[in-house]
Amino acid sequence: HALKSGSTTLLWSIIFFFCFIYVASLLLRAGFGPNPDDENEGNFDPTSLEFYFQNVPRSLLTTYRCSFGDCTTKQGAPIVESTKKTEDTLAGVSLNFLLFLTAVGLFNIISAVFLERIMAYAENKKLNNQRARLNDEQLWNDSVSRFIDIQLQLHEQVTYKASGEIEEESLILNAEERNCVGYKYLTKISSESLLTKSFSRELLDLSVNTDMEAKQILAGLDIEPQDCLSLSGTLDRNKNGRIDVMELVSGLRRLRGPARRSDIVAVDLAVQSMQARIDEVWLRLLHKNQVSQIGKDEIVDI
């Protein structure tokens, strides 16, 4: 599909290239070819420069060959070195300039534009696939359910050392067993109990860092790996060391996809609103303080 997307650019590049070669061949035919009235036309020595620019088709072939670096005679010698005329110096400079212009300039531009179109198509395809995943409610529901089920299982089977640290061996989950039983731990808990359930920040971070299924779920939700390094700190809104189910669900939904400008604007607007409210409270307190001070002054006067 990417090659198909860039085929239009490639087609126009080919047309432009042959137009460039045709114009260059006409200039070289006029500059280094024989006089059209020359009686020896068609009987030139293959070692002479006129032989390779004796007519437009021959000049076109020679220019095409030189543009790809094959600027040689029938005997394999360079064209500009096979002749001994003084005007051949100008021909050598012209052919070398043609070779430089096509190999270094034209071909690189064509390749860059072609690759740019392919990369643009691939990036657009990636964004469309990501947008489809972000709008897929079934994917979201299944992924969040699996992630919560993992947390419930880990909190049930986790063990602690005498020092109070978590034993990482107790966090190992059997992938085959989980594929067979499905949402075993999520289905045996009521919705009321689930809403009051909370998870420790330490255990959540360890599960994200050690459990492969949890990593795959977060990756499938388009949550960046760097955001998973301190996932519990991001999800814990009230900073009480525990993350309830609503905090987990709402936090994961906000972390999905790339960073958006709307997120920054929303934070900026929220800060401005808070600043306005703080200023309003400050003015009220200042007014009350002034009224109280006036009352005290009146009492002292009395």
Side-chain angles (χ1 to χ4, degrees), residues 119-158 166 168 170-179 181-187 189 191 193-271:
M119 297 300 295
Y121 175 85
E123 184 66 22
N124 186 56
K125 185 70 175 180
K126 178 182 177 181
L127 291 177
N128 289 336
N129 291 337
Q130 186 181 69
R131 190 178 295 111
R133 292 194 301 269
L134 294 177
N135 295 328
D136 191 347
E137 291 296 328
Q138 185 64 38
L139 173 64
W140 163 253
N141 294 332
D142 292 342
S143 300
V144 171
S145 299
R146 288 168 54 202
F147 191 79
I148 295 176
D149 189 74
I150 291 175
Q151 300 305 316
L152 292 173
Q153 181 178 354
L154 292 176
H155 277 72
E156 182 174 310
Q157 71 180 39
V158 65
I166 296 178
E168 295 188 5
S170 63
L171 301 179
I172 300 177
L173 302 179
N174 192 327
E176 295 181 358
E177 180 181 352
R178 282 196 53 78
N179 292 333
V181 300
Y183 308 124
K184 174 182 177 182
Y185 296 85
L186 185 60
T187 53
I189 186 173
S191 57
S193 300
L194 181 62
L195 292 176
T196 59
K197 190 72 175 177
S198 63
F199 312 109
S200 69
R201 290 180 52 174
E202 181 183 7
L203 188 55
L204 179 65
D205 285 335
L206 285 175
S207 66
V208 171
N209 294 329
T210 58
D211 187 68
M212 185 57 63
E213 184 179 0
K215 292 180 180 179
Q216 293 175 352
I217 292 174
L218 296 178
L221 291 175
D222 292 286
I223 298 177
E224 297 294 334
Q226 57 267 26
D227 292 332
C228 300
L229 298 177
S230 58
L231 184 62
S232 63
T234 305
L235 300 180
D236 189 8
R237 293 182 296 185
N238 51 16
K239 305 302 178 183
N240 62 351
R242 306 284 297 181
I243 301 172
D244 58 45
V245 174
M246 295 308 298
E247 286 179 329
L248 179 65
V249 173
S250 62
L252 291 179
R253 183 179 287 275
R254 288 180 176 272
L255 286 174
R256 298 187 68 191
R260 296 172 291 270
R261 186 178 180 182
S262 59
D263 298 332
I264 302 175
V265 173
V267 172
D268 182 60
L269 294 176
V271 171

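- Remark: I150 CD1 to I217 CD1 distance equals 4.0 Å, nearest 0.5 Å.
- Taking D136 as the reference, nothing meets the salt bridge (Lys or Arg N to Asp or Glu O under 4.0 Å) condition, with sequence neighbours excluded.
- Without hydrogens or angle criteria, S230 side chain to G233 main chain gives no donor-acceptor distance under 3.5 Å.
- Between the S145 side chain and the N141 main chain, a donor and an acceptor come within less than 3.5 Å of each other.
- A side-chain donor-acceptor contact under 3.5 Å links R256 to the backbone of L221.
- Atoms OG and CD, on S232 and E202 in that order, are 9.5 Å from each other to the nearest 0.5 Å.
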Worksheet item: When you look at R242 and D236, which way does the salt bridge (charged side-chain N to carboxylate O under 4.0 Å, His left out) test go after all the steps?
Response: CA-CA 7 Å; R242 306 284 297 181; D236 189 8; over 6 Å; no

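- A distance of 11.0 Å separates CG of L229 from CD of E224, quoted to the nearest 0.5 Å.
- With a 4.5 Å cut-off on side-chain heavy atoms, L252 and W140 count as touching.
- A donor-acceptor pair under 3.5 Å is formed between the side chain of K215 and the backbone N or O of N209.
- Side-chain contact of Q153 with D149: a donor-acceptor pair under 3.5 Å is absent, judged by distance alone.
- The shortest distance between side-chain heavy atoms of I148 and L194 falls below 4.5 Å.
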Worksheet item: Stepwise, does the side chain to side chain contact (heavy atoms under 4.5 Å, CB included) test hold for L255 with L231?
Response: CA-CA 10 Å; L255 286 174; L231 184 62; 3.5 Å; yes

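- Of all the heavy atoms in C228 and I223, the pair that sits closest is SG-CG2, 3.9 Å.
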Discussion item. As a quick check of understanding, evaluate side chain to side chain contact (heavy atoms under 4.5 Å, CB included) for E213 and F147, giving each step before the final call.
Written reply: CA-CA 8 Å; E213 184 179 0; F147 191 79; over 6 Å; no

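- In this structure, NE2 on H155 lies 7.0 Å from OG on S198, to the nearest 0.5 angstrom.
- Using a 4.5 Å cut-off on side-chain heavy atoms (C-beta onward), F199 and D244 make no contact.
- Distance CD/Q130 to NZ/K125: 14.0 Å, rounded to 0.5 Å.
- Nearest approach of L204 to S207, heavy atoms of both residues: O-OG, 2.6 Å.
- For D268, the side chain to side chain contact (heavy atoms under 4.5 Å, CB included) partners at least two apart in sequence or on another chain are Q272.
- Annotation: the span from D227 atom CG to L218 atom CG amounts to 10.0 Å, rounded to 0.5 Å.
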